[in-house]
Amino acid sequence: MAQLNEYVDQLRDLDRNNIGSWPTWVYGLFVVVLVALIVIGSYYYVLKPRQQALAQAQQQKQALEKVFRHKHKRVAHIDQYERQLTKLKKELKSLLAQLPSKTEVPNLLRDVSDKRASNGLSEALFKPKKSHKHKFYVTLPNKLVVRGAYHDLARFVSDVAQLSRIVTIDSVDIRPVEHDPDNLKMRVTLKTYRYIGDGRS
């Protein structure tokens with residue numbers, strides 16, 4: 001205890017202006033504390049910010065590598081994409097060629113009527129409905145009601161499907177004709193399509 005008091009007294013009697021007069025143990029303690037403060041300060045003000053900057057740089061590096069791999073993969077398959085695009089353009093051109101122009105629609109409807117007549121079907125109704133405009137084409141629905149034998153109806157549907165222009169048959173409803181068991185009545189929505197071209201009707 002007396003030795004501890006002696007150390008305390010030595011600390012109290014230190015001359016701040018004359019470090020050389022300090023006891024060896026005090027001088028050593030001062031150096032250790034000073035070094036510890038320098039180390040701690042260097043960590044928090046120099047090393048830690050650099051570690052954080054390094055971590056951010058590593059994250060950015062990983063993100064850039066991911067983007068690079070993705071773009072490299074796309075570039076590696078660019079020839080394949082170009083071939084697919086060329087193929088799709090040809091298919092689109094072929095499909096658009098099957099859409100009649102405004103002047104060809106009446107002829108197409110006459111072709112449908114001719115198919116109906118050639119298959120021996122009687123026409124009870126052929127009524128245009130409201131058209132629907134899309135980006136590149138217009139849908140022209142027509143309500144059609146025909147009568148005839150089952151096989152004649154089937155041939156008519158097959159003939160319409162084989163027309164050079166696209167015609168679809170929707171909402172098919174086939175029912176027996178009253179007092180005529182040999183014939184059926186078929187109600188359908190017959191859709192033709194008109195090509196708009198550059199987007200103008």
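A quick note: this is a predicted structure, and the numbers were derived from the prediction, not measured. What you see below is based on every heavy atom in this structure, not just the backbone, and it leaves out hydrogens, waters and symmetry mates.
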Inter-residue atom distance [X].[atom1] - [Y].[atom2], 0.5 Å rounding:
X      : Y      : atom1 : atom2 : result
Leu121 : Leu184 : CG    : CG    : 10.5 Å
Leu190 : Phe126 : CG    : CZ    : 5.5 Å
Leu54  : Arg50  : CG    : CZ    : 11.0 Å
Phe156 : Ile169 : CZ    : CD1   : 5.5 Å
Arg69  : Lys66  : CZ    : NZ    : 8.5 Å
Arg116 : Leu144 : CZ    : CG    : 8.5 Å

I'd like to know if the side chain of [X] reaches the main chain of [Y], judged simply by a donor and an acceptor atom lying under 3.5 Å from each other, with no hydrogens or angles considered.
X      : Y      : value
Thr86  : Glu82  : yes
Asp173 : Ser171 : no
Ser118 : Asp114 : yes
Asn119 : Lys115 : yes

Practice item. Verify the cluster assignment for Val145 and Leu153: are they in a single hydrophobic cluster under the rule of side-chain heavy atoms below 4.5 Å apart? Key: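 Result: no, two separate clusters.
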Review point. Is Val177 reachable from Val188 through a run of I, L, V, M, F, W or Y residues, each pair having side-chain heavy atoms under 4.5 Å apart?
Key: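 Each belongs to a different hydrophobic cluster.
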Mind listing the closest non-hydrogen atom pair of [X] and [Y] along with its distance?
X      : Y      : answer
Val172 : Ile174 : CG1-CG1, 3.9 Å
Pro128 : Asn142 : CA-OD1, 3.4 Å
Pro141 : Ser131 : CD-CA, 4.0 Å

Check your understanding: Are there more than 12 heavy atoms of other residues, nucleotides or ligands under 6.0 Å from atom CD of Gln52?
Key -> yes
Practice item. Take Val138 and Leu140, measure what side chain to side chain contact (heavy atoms under 4.5 Å, CB included) needs, and give me the verdict at the end. Key: CA-CA 6 Å; Val138 176; Leu140 305 167; 3.8 Å; yes
Point to revise | Residue pairs, two or more places apart or on separate chains, that pass salt bridge (charged side-chain N to carboxylate O under 4.0 Å, His left out) and touch residues 180-190 | key: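 Output for this query is empty, none listed.
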Check your understanding: Which of these passes side-chain hydrogen bond (donor to acceptor under 3.5 Å, both in side chains) with Thr139: Lys191, His132, His134?
Key ->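 Among Lys191, His132, His134, the one that satisfies the side-chain hydrogen bond (donor to acceptor under 3.5 Å, both in side chains) with Thr139 is His134.
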